Asker: 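Structure below; questions to follow.
Below, each value reflects all heavy atoms present in this structure, side chains not excepted, and no hydrogens, waters or symmetry copies. Each ligand, and each atom within it, is numbered from 1 in the order the structure gives. Nothing here was measured: the structure is a model prediction, and the numbers come from that model.
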Amino acid sequence: MKLYIYEHCPFCTRARLTAGLKGIPLQTEVILEGDAETPIRLIGRKVVPILQKADGTHMAESLDIAHHLDQLGTPILDGPNDDALEEWVKDARPVGTKLYIPRFTKGDFAELATPEAREAYRLREEKAFGDLEALMADTPALVAAMNEKLEALAPMLEGRETIGISDIILWPVLRSLSIVKDLTFPAPVRAYAERLEAKSGVPLMFNQAM
Ligand SMILES: N[C@@H](CCC(=O)N[C@@H](CS)C(=O)NCC(=O)O)C(=O)O
C-alpha cells in the first residue's frame, strides 16, 4: 500500500496516524504542491491524501482511509466517539488555521522542495485565507486566543487512554499547532501529543516551530 501525502497536511496526518498506531507498514509518497497531474490521474481530482490499496485501486477522503486501514487486521479505533473533543476541534479550527497555515507556507516540507512548489502552495493558501503576512502580524492576538483553548482542552486529555476516531481528528490539529512557536501547550496536552507521536512514529513539528 502507498499513501500520497503532503507532509504538512492535517488530513494526510489522519491516515498516517492510523497506520502508525496500527503498525501497518505504509510507503508514503510526497507529491509536490502544484502537481495536479498525479492526483487527477489517480482519483480524478486534485486532493491528498490518496491511498493506493493492496489491490492497486485508489481511495480518497482521510476518514474513509483511516477506517479502511483500521479494518485491516484487528481494529484499534474502538474507543467511543468523544463529542467534546470533536467540538473542541471545530471551535479551535478557525483560529488554528490562521496560526499554522502561514507558517506551513514557510516550513521545511518535501512538498515545497522547489521554489515553484512553494509559490504554488503560498498562492493556494492566500486564495483561501487572504494576506498571509497580515495573519503573521496578528500572531499575538491569535496566540492569546489559542492558548485559552488549549487550557480548556487540558482537562479533557488528562490521563486519556482510549483511542478512537476522535483522536484521529484531534491529534493532527495539535500536530499542526506544534509549528507555532509562541503557543503554550499545557502539560497534559503536550503529554498526549507526544504519546501519540511516539506510538505512531508520525513526527510533531516543535523542531521547526516559528
Ligand atoms: N475531505 C478531504 C480534504 C483533504 C484536503 O483538503 N486536502 C488538501 C491538502 S491539506 C488538498 O489536497 N487540497 C487541494 C490541493 O492541494 O490543491 C479529506 O478529509 O481527505
Asker: Taking the side chain as everything from C-beta on, heavy atoms only, tell me whether Leu112 gets closer than 4.5 Å to His8.
Answerer: no
Asker: Counting only nitrogen or oxygen atoms and a 3.5 angstrom limit, does Lys46 reach ligand 1?
Answerer: yes
Asker: Just by modelled atom types, is the Ala144 backbone N or O under 3.5 Å from a matching donor or acceptor in the Asn147 side chain?
Answerer: no
Asker: Give the atom numbers and elements of ligand 1 that come within less than 4.0 Å of a heavy atom of Val47.
Answerer: 4 (C), 5 (C), 7 (N), 11 (C), 12 (O)
Asker: Please could you name the atoms of ligand 1 that Cys9 approaches to less than 4.0 Å, counting only its heavy atoms?
Answerer: 9 (C), 10 (S)
Asker: Examine distances only and state if a side-chain atom of Arg190 and a backbone atom of Phe185 form a donor-acceptor pair shorter than 3.5 Å.
Answerer: no
Asker: May I ask you to say whether Glu133 pairs ionically with Lys106, meaning some side-chain N is under 4.0 Å from a carboxylate O?
Answerer: yes
Asker: With heavy atoms of Tyr6 as the reference, note each atom of ligand 1 found under 4.0 Å away.
Answerer: 9 (C), 15 (C), 16 (O)
Asker: Would you mind checking which non-hydrogen protein atom is closest to atom 13 (N) of ligand 1, with the distance to 0.1 Å?
Answerer: Arg124 NH1, 3.3 Å
Asker: Is it true that Ser176 and Arg93 share a donor-acceptor pair across their side chains at a distance under 3.5 Å?
Answerer: no
Asker: Could you walk me through whether Tyr6 and Phe104 pass the ring pair (Phe, Tyr, Trp, His ring centres under 6.0 Å) test, one step at a time?
Answerer: CA-CA 11 Å; Tyr6 301 143; Phe104 284 169; over 10 Å; no
Asker: For Pro49 and ligand 1, does the shortest N/O to N/O distance drop below 3.5 Å?
Answerer: no
Asker: Would you call Arg45 and Glu61 a salt bridge, taking side-chain N to carboxylate O under 4.0 Å as the test?
Answerer: yes
Asker: Atom 1 (N) of ligand 1: which protein heavy atom is closest, and how many Å away?
Answerer: Glu61 OE1, 2.9 Å
Asker: Where is the nearest protein heavy atom to atom 4 (C) of ligand 1: which residue, which atom, and how far?
Answerer: Val48 O, 3.4 Å
Asker: Which residue and atom name correspond to the protein heavy atom nearest atom 20 (O) of ligand 1, and how close is it?
Answerer: Ser62 N, 2.8 Å
Asker: Purely on distance, is any nitrogen or oxygen of Glu33 under 3.5 Å from one on ligand 1?
Answerer: no
